[in-house]
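So you know, we letter chains A, B, ... as the sequences are listed, proteins then strands, and number each from 1.
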Amino acid sequence: MAIRHDQGIVLRSYPFGESHRVIVLLSPNNGKLRTVAKGVRKTKSRFGGRLETFCLVDLVLYEGRNLDTITQVSLLDAFSNIRTDLDKVVAAATMVEVADAVAQEHESAIRLFLLLRRGLESLDRRDLHPDLVTAFLLKSADVVGVAPQLDSCAGCGATEGLTRFSFGAGGVLCDRCRTPGAYALREGLTAYLARVAAADIAELPAPDRSFSGEAMGVARRFIEYHLEKKLESLAVLDG
Amino acid sequence: MFEAPVQRLIDELARLPGIGRKSAQRLAFHLLHIEEADAVRLGSSIIDLRREVRLCSRCFNVTSDEECSICRDLRRDPTVLCVVERAQDIPVIEGTQEFSGRYHVLGGAISPIEGIGPDQLRMRELVARIDQEGVAEVIAATNPTVEGDATALYLARLLKPLGVRVTQLASGLPVGGDLDYADEVTLGRALVGRQEL
């Protein structure tokens, strides 16, 4: 059993025993970490609010047989402004839900970690950009190797007449390759999705509100198709 | 593997929250040695709990009547509602002796990550009480977690347009604690919510 240092973003936590919590983090070097924070549910806990969801922390861990135990926590960023806006909470929750679904334990996750960190920073420091979650979903698909093909037909490579989007084929399709059930794209949506996917997540271009909702819908269904699960967070405020 | 009655009890105890296999075994062997009258009292307490206790039809606190003792108490101020996540939170707030209004138990908190939205909580029942009882203020006494804060924000979004004042419990330093040991998040919120003297 050894003591080691690590860094991570808190993805979620759940009660464990009388007053402990299991804290699930995304570490840049070790991927998804499951750790135990003892006594953290007591008001006198020395960890206090440092292990709340979305917090970026430095950790000292005592390695255990099943779960590592957190012995020290230093807060690097609490992204406190997210917690004061319900829509930002839902956006941040969607990002950590996707990160939690794609990250693997004991595997480096530097790109995913940096993407999540920059996404949370953007939410915390600026107004909520309507395309931020869309950009995160498209970029996380890229990180895990399933980036949607948006510049040419996923069937034949044609660059003209890209009118459909197929979740199974992994991108846009031309009229000749269209398959039953492929999603019909409004003119301009493919270019809009490509623009959002290519942009720096911290410097997204000005949104076009006539496309933002539909772009989010396509990105959401695409990532749900590949994760084989519904994104719970985005559904919370539906209806 | 133990004799069937012992194993059955261990299996049942191990289903309780916070009780693992080892603790369940320890409790089972303790119960094996207690007086029969004590065992019968424990057993009937559990059965009575299920038979006699239900949820208050107004606030969803636990009660053995149609309405809980707090809702029946005419001295309580009906215009102030304290909204809590769980019924267990009510005795904690009552213990402060600082609150004389009524309660509403939501049955949880909004948790986007777990897919728990307002529809899974008793929000509709809360809105119905606003008009019926002439509620003027709702205190969001949810846990100071991301989920609790999200619930408080939702309450504000839902109830402010109805002309209801929505407040949230202050958060900050524990009384008797040392500033040295405060974490940055708690201390930051204490600073934001500082009071003029």
Side-chain angles (χ1 to χ4, degrees), chain A residues 10-21 24 40-55 57 73-101 229-239, chain B residues 16-20 22-23 86 92 108-121 123-124 140 142-158 160 166 168-169 171-193:
Chain A
V10 179
L11 301 178
R12 62 190 163 92
S13 67
Y14 50 91
F16 179 64
E18 188 72 19
S19 61
H20 316 320
R21 286 192 93 84
V24 183
V40 76
R41 287 156 67 198
K42 293 180 180 171
T43 50
K44 287 194 175 175
S45 162
R46 63 207 155 100
F47 300 133
R50 292 182 188 127
L51 290 171
E52 279 285 291
T53 309
F54 313 139
C55 283
V57 287
V73 186
S74 309
L75 185 71
L76 300 178
D77 202 332
F79 306 113
S80 304
N81 294 325
I82 293 174
R83 293 173 64 145
T84 59
D85 182 323
L86 189 55
D87 295 319
K88 285 187 175 184
V89 171
V90 172
T94 306
M95 294 198 281
V96 300
E97 185 183 355
V98 171
D100 190 14
K229 79 183 273 286
K230 289 264 174 210
L231 290 181
E232 304 277 6
S233 308
L234 281 174
V236 158
L237 296 181
D238 284 354
Chain B
L16 298 174
I19 306 280
K22 210 74 186 161
S23 299
R86 306 169 309 161
V92 180
I110 292 175
S111 175
I113 295 166
E114 290 169 46
I116 301 173
D119 290 347
Q120 281 107 300
L121 306 174
M123 292 287 180
R124 263 189 303 260
T142 48
N143 288 331
T145 56
V146 169
E147 293 80 11
D149 286 349
T151 309
L153 289 168
Y154 183 81
L155 286 172
R157 186 182 280 189
L158 182 72
K160 276 186 168 178
V166 181
Q168 187 180 15
L169 290 186
S171 58
L173 302 167
V175 175
D178 260 27
L179 212 61
D180 278 4
Y181 290 100
D183 68 275
E184 302 84 343
V185 181
T186 307
L187 190 54
R189 286 178 73 151
L191 272 171
V192 170

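- Residue Pro112(B) is tested with Leu234(A), Val96(A), Val89(A), Thr94(A) for a side chain to side chain contact (heavy atoms under 4.5 Å, CB included); the sole match is Val89(A).
- For Thr84(A), the part lying near chain B is the backbone, with the side chain staying farther off; criterion is any non-hydrogen pair under 4.5 Å.
- Between Leu231(A) atom CG and Ile113(B) atom CD1 the span is 12.0 Å, to the nearest 0.5 Å.
- Proximity to chain A is absent for every atom of Ala156(B), based on heavy atoms less than 4.5 angstrom apart.
- Contact annotation for Tyr14(A): neither backbone nor side-chain heavy atoms come within less than 4.5 Å of a heavy atom of chain B.
- Interface remark: Pro144(B) contributes backbone atoms only to the contact with chain A (heavy atom separation under 4.5 Å).
- Put simply, CD on Glu97(A) and CD on Glu114(B) are 10.5 Å apart, with the number rounded to the nearest 0.5 Å.
- Residues Glu147(B) and Thr53(A) come closest through the heavy atom pair OE2-OG1, 4.2 Å.
- Of all heavy-atom pairs spanning Arg83(A) and Asp149(B), the tightest one is NH2-OD2, 2.7 Å.
- Applying the 6.0 Å contact sphere to NZ of Lys230(A) captures no more than 12 heavy atoms from other residues, nucleotides or ligands.
- Note: Thr145(B) leads Thr145(B), Ile19(B), Leu187(B), Ile116(B) in heavy-atom pairs under 4.5 Å with chain A.
- Considering every non-hydrogen atom in both Gly49(A) and Thr186(B), the closest pair reads N-OG1, 4.1 Å.
- Within the 4.5 angstrom heavy-atom criterion, no atom of Asp77(A) approaches chain B.
- Arg157(B) places a side-chain heavy atom less than 4.5 Å from the side chain of Leu86(A).
- Contact annotation for Ser111(B): only backbone heavy atoms (N, CA, C, O) come within less than 4.5 Å of a heavy atom of chain A.
- Interatomic distance, Leu51(A) CG to Asp183(B) CG, rounded to the nearest 0.5 Å: 9.0 Å.
- Contact annotation for Ser80(A): neither backbone nor side-chain heavy atoms come within less than 4.5 Å of a heavy atom of chain B.
- The structure places CG of Asn143(B) at 9.5 Å from CZ of Arg41(A), a figure rounded to the nearest 0.5 Å.
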